[in-house]
Amino acid sequence: MHTHEQFMYRALFIAQKGLPAAMPNPSVGAVIFHKDTIIGEGSTSAFGGSHAEINAINSVKNKELLKESTIYVTLEPCSHYGKTPPCADLIVKMQIPNVVIGCVDSYAEVAGKGIEKLKNAGVNVIVGILEKECINSNKRFFTFIQKKRPYIILKWAESADGFIAPTEKNDQKPVWISNNYSRQLTHKWRSEEMGILVGTKTVLDDNPSLTTRDFVGKNPVRIYLDANHKIDTSFAITNSESKTICLCAEFPLNPIDQIIYKKIDFNDLPAEVNRICVEENIQSIIIEGGSQTLQQFMDTELWDEARVFKSDAILKEGIKAVELKNAVQFSSQKIQNNILTYYKNQK
Ligand code: AOF
Ligand code: ZN
């Protein structure tokens, strides 16, 4: 006998394929089960494309079988006319008698109306199978809608003795930065988020491009802090490789062509960054330094995940690494260069 959980796990697995291309739309997985066979599957297409239910239904060869099937979906089928017609209507039209849903959609246009539509049409509906996992599979989407801020990932590398970088006089290059594996992984991580943010000092010291050049993936929107316009066109972050936003205290006298300038209050940095992200529809950001910027987010509790490369190197002195607060350690995988993942310990 199969359980609802087994099919929902499969739907969750399929849903992963849709990210990051579907963002800021959530990625959903749909599995259609008939008697003892899975007859159709689908995930959300790239942003603006079709929803998971349509893709799954389209993949079924014999549409007659739908009338005796169960469709498993990780998210409540939509009830609104967005870029596509409502999935709930399609399910009713195809006469699928059973719908098993992972979690309710918080998006105001849907928010239970999809379930209502199905029930009103006489469909059997079960809600809440692997609910936590389904919400987590679209953590960026749910954070953005429910908390009105982006999902925030803090990322840094630190030495075994807790330094984020050597001091200037001790100009030893940190070993993890030259490591191919960690660099590629960092670029993969960048491709998974809609935005990437760094402070002024990081741009001045490291001259980063903040692109995904070592991984096939989309460049996130670059956001850099530059209160007093110290960063000129000699820095890679100002090139035209991706959309770039400069957060400043006053608009510049000589703006750089391709940069979008946003005035913010630097006394309230995390809240201001969130405001700009909401304005620009940036659903998630990865913050890659420096330590001061990272610490400000950590201290105000406006963060969701911290990914820390822990090196074996001993630096003895340098810039102190970020102090973790309210964090639960999630994983320590030696095989992955000692990457530690923390999640905020929700109150
Ligand atoms: C579904 N199945 O696979 C996804 C859903 O602009 P649209 O038409 O693409 O609609 C976007 C909204 O639809 C999005 O905010 C979310 O509420 C829901 N996403 N719904 O039935 C899917 N991705
Ligand atoms: Zn839909």
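In listed order, ligands and their atoms are each counted from 1. Computation of the quantities below employed the complete heavy-atom set of this structure, encompassing side-chain atoms and omitting hydrogens, waters and symmetry-equivalent molecules. Numbering of residues begins at 1 and proceeds along the displayed sequence.
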Q. At under 4.0 Å between heavy atoms, which part of Cys78 makes contact with ligand 1: side chain, backbone, both or neither?
A. both

Q.
Using a 4.0 Å cut-off to any heavy atom of Pro26, which atoms of ligand 1 qualify?
A. 14 (C), 16 (C), 19 (N), 23 (N)

Q) Using 30° and 60° as the class limits, which term best fits the ring planes of His4 and Tyr72: parallel, tilted or perpendicular? A) tilted

Q) Is it the side chain (CB and beyond), the backbone, both or neither of Thr84 that lies under 4.0 Å from ligand 1, heavy atoms counted? A) both

Q. Against heavy atoms of Cys87, which atoms of ligand 1 measure under 4.0 Å?
A. 21 (O)

Q) Which protein heavy atom lies closest to atom 11 (C) of ligand 1, and at what distance to 0.1 Å? A) Asn25 OD1, 3.4 Å

Q | Selected option - heavy-atom contact closest to atom 10 (O) of ligand 1, from His80, Glu53, Lys83, Glu76 | A | His80

Q) Relative to the heavy atoms of Pro77, which atoms of ligand 1 are at a distance of less than 4.0 Å? A) 21 (O)

Q.
If the cut-off is 4.0 Å to any non-hydrogen atom of Ala52, which atoms of ligand 1 fall inside it?
A. 3 (O), 22 (C)

Q: Inspect the contact between Arg275 and Glu272 and indicate whether a charged nitrogen and a carboxylate oxygen are less than 4.0 angstrom apart.
A: yes

Q: Can you spot which of Glu193, Glu305, Gln283 makes a side chain to side chain donor-acceptor pair (under 3.5 Å) with Tyr151?
A: Glu305

Q: For the atoms SG of Cys78 and ND1 of His51, give the angle they form at the Zn ion (ligand 2), rounded to 10 degrees.
A: 110°

**Q.** Over 12 foreign heavy atoms within 6.0 Å of NZ, Lys93
**A.** no

Q. Any idea which protein heavy atom is nearest atom 4 (C) of ligand 1, and the distance to it?
A. Val28 CG2, 3.5 Å

Q) To the nearest 0.1 Å, how far is atom 3 (O) of ligand 1 from its closest protein heavy atom, and which atom is that? A) Thr44 OG1, 2.7 Å

**Q.** Distance-only donor-acceptor check, side chains Arg222 and Ser242, under 3.5 Å
**A.** yes

**Q.** Numbered atoms of ligand 1 (with element) below 4.0 Å of Asp105, judged on heavy atoms
**A.** 16 (C), 17 (O), 18 (C)

Q) Is the shortest heavy-atom distance from the side chain of Pro150 to the side chain of Asn274 under 4.5 Å? A) yes

Q. Side chains of Ser50 and Asn55: do they bring a donor and an acceptor to under 3.5 Å?
A. yes

Q. Is Asp226 reaching over with its side chain to a backbone N or O of His229, donor-acceptor style, under 3.5 angstrom?
A. yes

Q. With backbone taken as N, CA, C and O and side chain as the heavy atoms from C-beta onward, which portion of Phe141 lies under 4.0 Å from ligand 1: side chain, backbone, both, or neither?
A. side chain

**Q.** Asp304 with Arg140: basic N within carboxylate O range, under 4.0 Å
**A.** no

Q) Which protein heavy atom lies closest to atom 20 (N) of ligand 1, and at what distance to 0.1 Å? A) His51 ND1, 3.4 Å

